[in-house]
Amino acid sequence: MPSRDFFEDVYDVVRLIPPGRVTSYGAIAAYLGSKRGARMVGWAMNNCHARPDVPAQRVVNRNGVLSGKNFFGSPERMQELLEAEGIQIENDQIVHFDRCFWDPAVELG
DNA sequence: CGGGTGACTCGGC
DNA sequence: TGCCGAGCCACCC
């Protein structure tokens with residue numbers, strides 16, 4: 001059930017990510033039907049500044065690296081937000097990423 | 001209307 | 001084992 005905009009679809013999924021969990025751009029893209037649309041998801045997140053209720057910190061790349069940390073208020077903001085949710089981060093990378101991973105295709109469908 | 005862009009991903013060397 | 005190149009699609013200028 002696609003929304004009016006691709007962006008809103010992305011935001012809807014991101015908002016459903018439980019605290020303490022994370023997912024990847026590719027996982028969201030795959031859930032929305034665009035297997036190779038990870039870049040679009042990332043770009044949608046670039047506009048997340050217009051959506052304060054979107055926990056963008058819970059979206060990382062497939063390696064669990066905080067690739068988008070530089071787009072937050074400060075480069076350390078993303079890590080702080082994730083650590084506040086109980087996620088361990090080391091060298092800009094999520095520890096036990098596979099354990100915290102939240103796949104929308106599995107959890108939602 | 002066409003081209004450039006991007007917080008990605010995969011496959012090949 | 002790690003880097004490089006190509007594919008991908010929606011949006012802005």
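No experiment lies behind these values; they were computed from the predicted model shown. Per chain, numbering begins at 1; letters A, B, ... match sequence-line order.
Considering all non-hydrogen atoms of both residues, Tyr11(A) and Ala44(A) come closest at OH-O, 2.8 Å.
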Which atom pairs, one a donor and one an acceptor, fall under 3.5 Å between side chains of residues 76-83 of chain A and the rest of the protein, sequence neighbours left out?
unit_1, atom_1, unit_2, atom_2, d
Gln79(A), NE2, Glu83(A), OE2, 3.0

Under 3.5 Å donor-acceptor pairs involving side-chain atoms of residues 86-100 of chain A, not counting sequence neighbours:
unit_1, atom_1, unit_2, atom_2, d
Asp92(A), OD1, Lys69(A), NZ, 3.3
Asp92(A), OD2, Lys69(A), NZ, 2.6
Gln93(A), NE2, Asn63(A), O, 3.1

Donor-acceptor pairs under 3.5 Å, side chain of residues 15-25 of chain A to any protein atom, not counting sequence neighbours: which ones?
unit_1, atom_1, unit_2, atom_2, d
Arg15(A), NH1, Asp53(A), OD2, 2.6
Arg15(A), NH2, Asp12(A), OD1, 3.0
Thr23(A), OG1, Trp102(A), O, 2.8
Ser24(A), OG, Ala27(A), N, 3.1
Tyr25(A), OH, Val59(A), O, 3.4

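Gly37(A) comes within contact range of no nucleotide atom at all, as no heavy-atom separation falls under 4.0 Å. Using a 4.0 Å heavy-atom cutoff across all strands shown, Asn61(A) reaches sugar-phosphate atoms only and no base atom. Within the nucleic acid shown, Ala56(A) comes within 4.0 Å of at least one base atom, counting heavy atoms only.
Looking only at distances, a side-chain donor or acceptor of Asn61(A) sits under 3.5 Å from a matching main-chain atom of Gly64(A).
Linking Ile, Leu, Val, Met, Phe, Trp and Tyr residues whenever their side-chain heavy atoms come within less than 4.5 Å places Val54(A) and Phe6(A) in a single cluster. At a threshold of 4.5 Å between side-chain heavy atoms, the hydrophobic network of Ile, Leu, Val, Met, Phe, Trp and Tyr places Val106(A) and Val60(A) in two separate groups.
Inter-residue side-chain proximity for Ile28(A) and Leu32(A) is flagged as met; some heavy-atom pair is nearer than 4.5 Å. Using a 4.5 Å heavy-atom threshold, the side chains of Val10(A) and Trp43(A) count as separate.
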For nucleotides 1-3 of chain B, which of its nitrogen or oxygen atoms have a protein nitrogen or oxygen under 3.5 Å away, and what is each distance?
none

Which protein N or O atoms sit under 3.5 Å from an N or O of nucleotides 4-7 of chain C?
unit_1, atom_1, unit_2, atom_2, d
dG7(C), O6, Arg39(A), NH1, 2.6

Below 3.5 Å between N/O atoms, which protein atoms pair up with nucleotides 11-13 of chain C? Just atom names and distances, please.
none

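Computed from coordinates, the Met45(A) CE to dA10(C) C1' distance equals 16 Å when rounded to whole Å. In this structure, CD1 of Ile28(A) is placed 15 Å from P of dA7(B), rounded to the nearest angstrom. Taking atom OH of Tyr25(A) as the reference point, atom P of dT5(B) lies 20 Å away to the nearest angstrom. What separates CG of Asn70(A) from C1' of dC8(B) is a distance of 16 Å, to the nearest Å. Taking atom OH of Tyr31(A) as the reference point, atom P of dC8(B) lies 22 Å away to the nearest angstrom. Summarising the geometry, the separation between CZ on Arg62(A) and C1' on dC8(C) is reported as 16 Å, rounded to the nearest angstrom.
The phosphate of dC8(B) has OP1 or OP2 within less than 4.0 Å of a side-chain N or O from Ser67(A).
From Phe101(A), atom CZ reaches atom CD of Glu107(A) across 9.5 Å, with rounding to the nearest 0.5 Å.
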